[in-house]
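In what follows, chains are A, B, ... by sequence order, proteins preceding strands, each numbered from 1. Quick note: numbers below take in every heavy atom, side chains included, and nothing from hydrogens, waters or symmetry partners.
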Amino acid sequence: MESTAKDGAVAEALAPAFDPSEVERGLYDRWDEAGYFAPNDREDRPSFVVIMPPPNVTGELHVGHALFVAVQDIMIRWHRMMGDPTLWVPGADHAGIAGQWVVEKLLAAEGLTRHDLGREKFLERVWAYMDSTRGRIREQMRILGASCDWSRFVFTMDPGPSAAVRKVFKRLYDKGLIYRGERLISWCPRCMTALSDLEVVHQDVQGHLWHIAYPVVGGETERRKDGKTEGGTGGAGVIVVATTRPETMLGDTGVAVHPGDERYKHLIGKQVRLPILGRLLPIVADESVDAAFGSGAVKVTPAHDPNDFEIGKRHGLRFLTVMNLDGTMNAEAGPFAGQTVEQARKGVVSRLEQDGELVKVEQHFHAVGHCQRCNTVVQPMLSTQWFVEMGPLAAPAIAAAKDGRLTFVPERFKGVYLNWMENIHDWCISRQLWWGHRIPVWYCRDCGETIVTEEETLLACPGCAGKVEQDPDVLDTWFSSGLWPFSTLGWPNETDDLRRFYPSSVMETGYEILFFWVARMVFFGLEVMGELPFHTVYLHGTVRDAEGAKMSKTKGNVLDPTEITHEYGADALRFALVTQGSPGLDMRLSMQLVESSRNFVNKLWNATRFALRPIGETGIVVGADGPARPEGDLALADRWIVSRLDWITGEVTSLLGNHLYGEAGRQLRDFVWSELCDWYIEAAKVRLRGTDEERKAVAQTLAYVLERTMRLLHPFMPFATEALWQVLPHAGDALIVAPWPDAGERDQAAEDDWAVLMELVAKVRNARAEANVEPGRWIAADVFAGRRRA
RNA sequence: GGGCGCGUAGCUCAGUUGGUUAGAGCGCGCGGUUCACAUCCGCGAGGUCACAGGUUCGAGUCCUGUCGCGCCCACCA
């Protein structure tokens with residue numbers, strides 16, 4: 001990179017105020033073109049690798065992305081300056097349901113559904129859309145200054161990651177860890193697809209607990225039907241069950257009681273008559289029934305409730321599905337067929353009421369599952385889907401965290417991770433969508449064989465040469481995400497990148513995708529590569545608006561990082577985001593905050609502007625490592641600021657090493673503003689009017705301290721520091737690849753003496769202010785100082 | 001039902017392993033046009049570090065409990 005450091009005239013090159021768009025323009029391209037974003041070839045240093053969480057191709061970047069760019073770029077730039085072969089891999093995610101939904105909405109505007117187009121044409125539309133948005137992500141990342149290696153950009157739907165998906169699927173299938181089966185899964189009637197447990201969000205809602213009397217066959221109530229008999233005793237010939245979803249009774253195939261429950265013991269093995277439909281249901285005894293809850297008896301709907309599903313299996317009950325995939329009732333629902341769940345619920349309740357079988361209704365506050373994507377109430381449904389058996393995969397992932405090979409920042413997330421891993425359920429990975437990685441499974445129409453293959457297509461059945469058809473479903477988008485740490489590096493091919501850069505170093509992402517993504521990368525990495533995909537998980541919080549509300553498109557409080565950057569600069573936005581909070585905690589972002597960060601950039605700008613004049617006028621000694629460290633018989637001020645620089649250098653280095661990025665940024669800011677500017681430069685003004693010797697010493701010190709300060713600040717505010725470094729005396733081509741400074745030995749005596757001086761000045765200022773002495777007036781001060789404490 | 005986080009100056013937040021008068025930014029009051037910066041400078045007001053116990057020579061920092069706010073996990077119908 002071209003140096004513009006010239007004698008004398010450079011001060012005029014800097015505008016009086018920092019103008020971000022002027023400064024940032026072109027800088028990024030020059031870094032990129034010079035190849036600084038690619039890892040170096042040094043073999044004496046450990047590589048440092050970060051795999052970027054791939055943003056969804058579906059939309060614009062938001063400030064959350066700006067936060068991860070800021071944090072990851074600090075890590076990356078710091079390690080690059082330390083000389084490590086440093087790689088930051090960018091990418092984009094196809095975003096499964098979300099991706100498909102965006103395009104379906106576009107189609108809806110044209111009055112079309114995806115079915116009008118058909119699978120093939122629809123996917124063409126999706127690809128066209130994704131191609132148009134992918135460039136935008138890249139552009140925004142560049143504006144933010146992300147120093148990632150664009151030559152290695154990967155999209156989850158690229159051939160490489162797609163091949164990785166098929167290979168892993170087959171591998172796990174062959175090992176028996178992927179299976180197809182009819183299970184009770186969560187179904188979104190709007191998205192018309194199965195969901196994993198994680199994609200179901202539970203929301204507490206005020207509902208009801210309906211108590212319904214089921215007459216015991218042969219009991220007196222079956223004849224009396226007054227429903228007023230004291231429920232639950234069974235003595236009167238009824239069993240009262242309680243439910244929050246009365247419409248599901250249409251699918252009841254049994255009633256369960258606890259085997260030890262004296263009230264019902266004599267009824268076990270008998271039958272009840274299902275109200276409305278009149279079907280006969282067996283009464284079974286099951287340990288899972290809580291005798292203390294409600295009436296102690298529970299209706300069993302094996303096809304529409306996870307718990308009932310298990311009971312049904314244990315007792316061989318019928319699995320009767322009463323709902324269609326779109327959430328309406330099917331023919332099994334008798335008179336309610338065709339109605340929505342809500343309509344059927346009302347209908348069933350009023351019918352029960354008429355018939356006198358509704359014993360009582362209670363208010364009941366309980367959690368109801370909703371689709372993460374569209375917020376529709378999710379229905380438990382019996383369905384044939386593909387699953388990953390999690391037990392064998394989770395075990396090593398648990399061990400890795402327990403024995404400390406995998407660490408978390410902040411540490412408490414280790415417990416959250418373990419708790420989830422240790423209670424994990426099998427993972428439903430098939431989705432009834434079109435956009436995504438097609439399940440690599442083929443079924444032979446002739447011999448009925450199931451063929452799982454790594455190949456993209458299969459022409460004929462390898463067994464009977466019959467016609468084959470591919471499974472119509474696609475995989476959960478997080479399946480490919482879980483392979484990201486190695487699929488981005490070329491796996492399944494034995495690439496150089498894979499050898500050099502797997503495993504990566506740190507996974508930096510938001511805590512909200514700890515289970516969705518981080519956990520899955522861990523177990524996939526261990527299973528497929530035999531090695532953890534990263535040793536450290538750094539989790540950041542959510543960026544909220546100035547009022548603390550979560551940002552969302554519907555609320556209209558989303559901040560566009562590109563806009564902020566345009567007004568205040570990427571450096572200011574990044575610095576604000578990094579210094580505002582702490583790892584793992586949510587933070588609020590206000591424009592006021594960004595503005596004060598911008599002011600700090602401006603401060604740095606002007607300090608440099610000030611320094612350039614004496615530097616240009618006196619001439620500076622510049623060595624191989626930049627301006628030479630001031631030497632010889634130095635004034636106290638020079639010794640002091642150099643010592644403080646040594647202090648901050650050590651401090652920042654150690655904070656960065658401990659992932660305390662915010663604290664490092666804040667310390668740097670305080671050093672520059674309070675020590676360098678308010679004290680050293682202010683004092684320098686007087687000395688610059690002194691002898692040539694003094695001017696020279698000040699200039700050398702300023703050059704030395706500022707140049708080093710730019711290096712320390714570069715990971716935090718890459719643009720302004722690079723621009724200023726270029727006009728300061730320096731060695732080397734670009735700050736982005738300048739060596740990270742070492743901390744020299746501190747001069748404790750100078751620091752102590754200067755501290756006394758600062759205190760003295762502060763006391764005098766205070767006395768003047770309190771006595772209302774006009775600022776311009778010189779007055780004598782008598783100082784009464786005590787003995788200095790040791 | 002479990003688990004976690006937060007509660008520090010009017011506001012937003014720092015405060016890594018317990019150690020001298022608890023910090024910053026913004027806001028507020030007073031005062032500043034000398035050639036780095038008014039995107040600035042100086043001075044100042046403002047805090048029982050949620051509350052109650054405990055450990056300690058010493059606690060914002062550790063332990064226990066209480067209250068308030070938020071989040072995550074969860075198949076009690």
Side-chain angles (χ1 to χ4, degrees), chain A residues 11 14-19 184 186 197-198 201-202 209-211 241-245 248 256 288-290 292-301 305-311 364 366-367 369 380 410 412-413 415-416 419-420 423 425 511-512 514-515 541-542 546-548 550 568 572 576 579-582 584-590 592-593 595-613 651 654-655 657-660 662-663 665-667 669-670 673-674 677-678 681-682 684-685 688 702 761-762 765-770 772-776 789:
Chain A
L14 287 189
F18 159 71
D19 176 355
L184 203 73
S186 295
D197 296 346
L198 284 177
V201 292
H202 291 95
L209 197 56
W210 284 275
H211 295 249
V241 298
T243 180
T244 55
R245 299 189 299 152
T248 63
S288 73
V289 178
D290 179 0
F293 184 90
S295 62
V298 54
K299 62 192 265 315
V300 183
T301 321
D305 182 278
N307 197 29
D308 294 3
F309 177 78
E310 296 300 326
I311 296 177
H364 190 66
H366 65 135
R412 64 189 148 84
F413 284 106
V416 181
N419 181 54
W420 186 75
N423 296 291
H425 296 342
Y511 63 74
E512 74 277 3
L514 177 60
F515 307 141
T542 306
E547 275 70 51
K550 253 190 175 160
Y568 297 99
T579 54
Q580 170 59 194
S582 296
L585 292 181
D586 292 356
M587 73 178 79
R588 300 184 185 198
L589 181 68
S590 62
Q592 192 187 37
L593 194 73
E595 194 179 322
S596 65
S597 292
R598 190 273 318 267
N599 293 350
F600 172 54
V601 182
N602 183 245
K603 191 73 184 174
L604 194 68
W605 181 270
N606 273 288
T608 305
R609 210 160 75 95
F610 172 86
L612 285 176
R613 182 191 296 243
E651 191 73 4
S654 130
L655 287 168
N658 289 311
H659 303 290
L660 295 167
E663 187 60 16
R666 290 187 289 268
Q667 299 267 18
R669 190 177 125 277
D670 290 348
W673 209 310
S674 316
C677 293
D678 289 348
I681 289 183
E682 287 309 316
K685 286 177 180 173
L688 285 174
L702 276 173
V761 171
R765 281 172 176 168
N766 172 304
R768 291 177 60 107
E770 290 192 347
N772 286 318
V773 179
E774 302 92 273
R789 281 171 298 187

Rounding to the closest angstrom, what is the interatomic distance between [N] and [M] at atom [atom1]?
| N | M | atom1 | answer |
| --- | --- | --- | --- |
| U66(B) | C73(B) | P | 25 Å |
| C62(B) | U8(B) | P | 16 Å |
| U12(B) | U17(B) | C1' | 27 Å |
| A38(B) | G47(B) | P | 34 Å |
| G29(B) | U34(B) | P | 23 Å |
| G60(B) | A9(B) | C1' | 14 Å |
| A77(B) | G5(B) | C1' | 32 Å |
| C4(B) | U20(B) | P | 30 Å |

Send over the distance from [X] [atom1] to [N] [atom2], rounded to a whole Å.
| X | N | atom1 | atom2 | result |
| --- | --- | --- | --- | --- |
| Asn602(A) | C41(B) | CG | P | 10 Å |
| Glu310(A) | A77(B) | CD | C1' | 15 Å |
| Lys299(A) | C75(B) | NZ | P | 18 Å |
| Trp673(A) | G42(B) | CH2 | C1' | 15 Å |
| His366(A) | C76(B) | NE2 | P | 12 Å |
| Ile311(A) | C76(B) | CD1 | C1' | 11 Å |
| Lys550(A) | C71(B) | NZ | P | 8 Å |
| Ile681(A) | C40(B) | CD1 | P | 15 Å |

Among [options], find the nucleotide with the atom closest to the side chain of [X].
| X | options | value |
| --- | --- | --- |
| Phe293(A) | A14(B), A36(B), C76(B) | C76(B) |
| Cys677(A) | A36(B), C73(B), C6(B) | A36(B) |
| Ala762(A) | A14(B), C43(B), A74(B) | C43(B) |
| Glu663(A) | G15(B), A36(B), G25(B) | G15(B) |
| Asp290(A) | A14(B), C76(B), C75(B) | C76(B) |
| Leu585(A) | G5(B), C75(B), A74(B) | G5(B) |

Has the side chain of [X] got a donor or acceptor atom that lies under 3.5 Å from a matching backbone atom of [Y]?
| X | Y | answer |
| --- | --- | --- |
| Asp305(A) | Asn307(A) | yes |
| Asn602(A) | Arg598(A) | no |
| Trp605(A) | Ala15(A) | yes |

Tell me whether the OP1 or OP2 atom of [N] has a side-chain N or O from [X] closer than 4.0 Å.
| X | N | answer |
| --- | --- | --- |
| His425(A) | C75(B) | yes |
| Arg609(A) | C37(B) | yes |
| Arg666(A) | A14(B) | no |
| Thr579(A) | A14(B) | no |
| His364(A) | A77(B) | yes |
| Lys603(A) | C41(B) | yes |
| Arg588(A) | C13(B) | yes |

With sugar-phosphate meaning primed atoms plus P, OP1 and OP2, does [X] contact a base, only sugar-phosphate, or nothing at under 4.0 Å between heavy atoms?
| X | result |
| --- | --- |
| Phe515(A) | sugar-phosphate |
| Arg598(A) | base |
| Asp678(A) | sugar-phosphate |
| Ser590(A) | nothing |

Check the pair Asp290(A) / Val298(A) against side chain to side chain contact (heavy atoms under 4.5 Å, CB included), numbers first and verdict last. CA-CA 9 Å; Asp290(A) 179 0; Val298(A) 54; over 6 Å; no

Of Gly584(A) and Lys685(A), the one whose nearest nucleotide on RNA chain B sits closer to the 5' end is Gly584(A)

Whichever of Thr244(A) and Asn599(A) has the more 5' nearest nucleotide on RNA chain B, that residue is Asn599(A)

Pairing partner of [N] (Watson-Crick or G-U wobble, both distances under 3.5 Å):
| N | result |
| --- | --- |
| A24(B) | U12(B) |
| C4(B) | G70(B) |
| G19(B) | C57(B) |
| A45(B) | none |
| U64(B) | A52(B) |

For Leu209(A) and His366(A), what are the C-alpha separation, side-chain angles and deciding distance, and is it a side chain to side chain contact (heavy atoms under 4.5 Å, CB included)? CA-CA 10 Å; Leu209(A) 197 56; His366(A) 65 135; over 6 Å; no

Shortest non-hydrogen pair, Asp586(A) vs Thr542(A), comes out as OD1-N, 2.9 Å

Please step through side chain to side chain contact (heavy atoms under 4.5 Å, CB included) for the pair Gln667(A) and Leu655(A), ending with a clear verdict. CA-CA 10 Å; Gln667(A) 299 267 18; Leu655(A) 287 168; 3.9 Å; yes

Under the side chain to side chain contact (heavy atoms under 4.5 Å, CB included) criterion, do Lys603(A) and Cys677(A) qualify, and how do the steps go? CA-CA 8 Å; Lys603(A) 191 73 184 174; Cys677(A) 293; 3.7 Å; yes

Base of A36(B) paired with side chain of Glu682(A) (donor-acceptor, under 3.5 Å): yes

